[in-house]
Amino acid sequence: EEFGGDIMMIPVSAKQGTNLDKLEEAILLTAEMGELTANPNRSATGVVVESKVEQGRGTVATVLVQNGTLKVGDIVVAGASYGKIRAMIDDKGQQVKEAGPAVPVEILGLNEPPEAGDEMGAVADEKTARDITEYRAQKQKNIKASSSIQSMEQLFAAAKNSDKKEVPVILKTDVQGSAEALAGSLTKLDNAEISTRVIHAAVGGISESDVSLAKTTGATIIAFNVRANKQAKELADKEGIQIRYYSIIYDVVDDMKAMMSGMLSPKKQENFIGYAEIREVFNVSKVGKVG
């Protein structure tokens, strides 16, 4: 607005608590002028903010409800995922039964992690949800198939005209956003002589199928805040497949840059001591759950 536009600018500081009241007023005013209203008395719609797979809880998706009211027991579709909501957790970590417009919640019950940015909506029954997700999954499959055919043609054509090398990688991360961020960062490292190719990127721990894929394609497995299960680690050791573990994105980028430069730094390796099996979980007051 200061320069003749229609966007309000409010200097704020969350740390100092400066102008937070003015920010709230500006948001309410903008919503009123733009007639940005929601109807809580309808089926819920919203957007997926993040998703991950947690041990013991399964697929966990963070969604922002934009219209309607989301309730425990609702059957929802999020991208190519669907499921019946088993539980909802609010931003304070408390379980809630319903969430209205503008409320962010974690939902449990989806069959697989949706993509960040996917639209989420409640549907009438499970059959409708399954039909929608099957259609979307088939559509995505067709798009990937056509793009892979095109990329193979391009690769063969490029192979004849250049000596450009590729570094194939498989990404396994704790949350969907990390997979997207890592894939984007690795793509930016490409140069005229060498490039990275993300063969597979997914949420969750490293499984035997990931190791088998790495063996077939000659890829390096990058594990970001996840670990390989016992069977996958044994198979990787047997087949000589490299699994690199990270918890900081910049370390991944630095190592890949060094690998592409032909000056790979000493590899970071975790020494596995052993695996434990949880036999019982019990509650301790003021501490929480203990395994």
Side-chain angles (χ1 to χ4, degrees), residues 48-62 81 83 87 89 93 106-116 167-186 189 196-259 264-282 287-291:
V48 177
V49 178
E50 188 57 277
S51 65
K52 57 187 173 181
V53 178
E54 287 189 7
Q55 192 77 27
R57 294 211 299 170
T59 299
V60 181
T62 304
S81 309
I89 296 93
E106 281 187 339
I107 60 173
L108 280 65
L110 294 176
N111 63 333
E112 60 182 61
E115 300 279 336
V167 179
V169 295
I170 293 171
L171 294 177
K172 292 304 290 286
T173 63
D174 53 343
V175 295
Q176 188 67 43
S178 298
E180 292 179 6
L182 274 169
S185 298
L186 294 180
L189 297 177
T196 55
R197 181 161 63 100
V198 179
I199 294 168
H200 177 60
V203 174
I206 298 162
S207 62
E208 290 173 278
S209 61
D210 297 318
V211 178
S212 299
L213 179 61
K215 180 188 174 184
T216 305
T217 57
T220 299
I221 300 174
I222 293 177
F224 188 77
N225 285 333
V226 294
R227 295 288 178 268
N229 61 33
K230 186 178 180 182
Q231 294 79 10
K233 184 184 181 300
E234 289 174 353
L235 182 61
D237 291 341
K238 180 183 175 183
E239 301 293 347
I241 303 300
Q242 188 180 28
I243 302 176
R244 301 177 69 85
Y245 298 91
Y246 298 92
S247 58
I248 299 172
I249 266 185
Y250 302 112
D251 288 343
V252 183
V253 175
D254 290 344
D255 276 8
M256 287 302 296
K257 197 181 290 181
M259 184 186 294
L264 185 61
S265 58
K267 68 178 182 180
K268 297 173 184 176
Q269 185 173 334
E270 289 192 353
N271 295 318
F272 283 85
I273 298 169
Y275 287 88
E277 181 181 335
I278 295 174
R279 295 297 181 90
E280 188 177 352
V281 178
F282 52 94
V287 176
K289 294 185 183 296
V290 177

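Because the structure is predicted, anything quoted here is derived from the model rather than measured.
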- Message: Any heavy-atom pair between the side chains of Ile89 and Leu108 that's under 4.5 Å?
- Response: yes
- Task: Flag the pair Val169 / Met256 as yes when at least one side-chain heavy-atom distance between them is below 4.5 Å, and no otherwise.
- Result: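 Val169 reaches Met256 side chain to side chain.
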Of the non-hydrogen atoms in [X] and [Y], which two are nearest, and what is the gap between them?
X      : Y      : value
Lys233 : Tyr275 : CD-OH, 3.6 Å
Asp210 : Ile206 : OD2-CA, 3.6 Å
Ala228 : Tyr245 : CB-OH, 3.6 Å
Ile249 : Phe224 : N-CE1, 3.5 Å
Ala223 : Ile243 : CB-CG2, 4.4 Å
Pro113 : Val53  : CG-CG2, 3.5 Å

- Message: Run Tyr246 and Asp255 through side-chain contact (heavy atoms from CB on, under 4.5 Å) and show every step you take.
- Response: CA-CA 10 Å; Tyr246 298 92; Asp255 276 8; 2.8 Å; yes
- Take atom OH in Tyr250; do more than 12 heavy atoms of anything else shown fall under 6.0 Å from it?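 Counting neighbours around OH of Tyr250, 12 or fewer heavy atoms of other residues, nucleotides or ligands fall under 6.0 Å, so no.
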Any sub-3.5 Å donor-acceptor pair from [X]'s side-chain atoms to [Y]'s backbone N or O?
X      : Y      : answer
Lys172 : Ala202 : no
Thr173 : Ser178 : no
Glu112 : Thr59  : no
Ser51  : Pro114 : yes

How long is the straight-line distance from [atom2] of [Y] back to [atom1] of [X], given to the nearest 0.5 Å?
X      : Y      : atom1 : atom2 : answer
Thr217 : Arg197 : OG1   : CZ    : 7.5 Å
Glu239 : Glu208 : CD    : CD    : 11.0 Å
Gln176 : Thr62  : CD    : OG1   : 12.0 Å
Leu213 : Ile170 : CG    : CD1   : 4.0 Å
Gln242 : Ile221 : CD    : CD1   : 9.5 Å

- So, Lys52 and Glu50, do they make that salt bridge, N to O below 4.0 Å? no
- Task: Would you please test Leu171 and Leu186 for side-chain contact (heavy atoms from CB on, under 4.5 Å) and show each step?
- Result: CA-CA 11 Å; Leu171 294 177; Leu186 294 180; 4.1 Å; yes
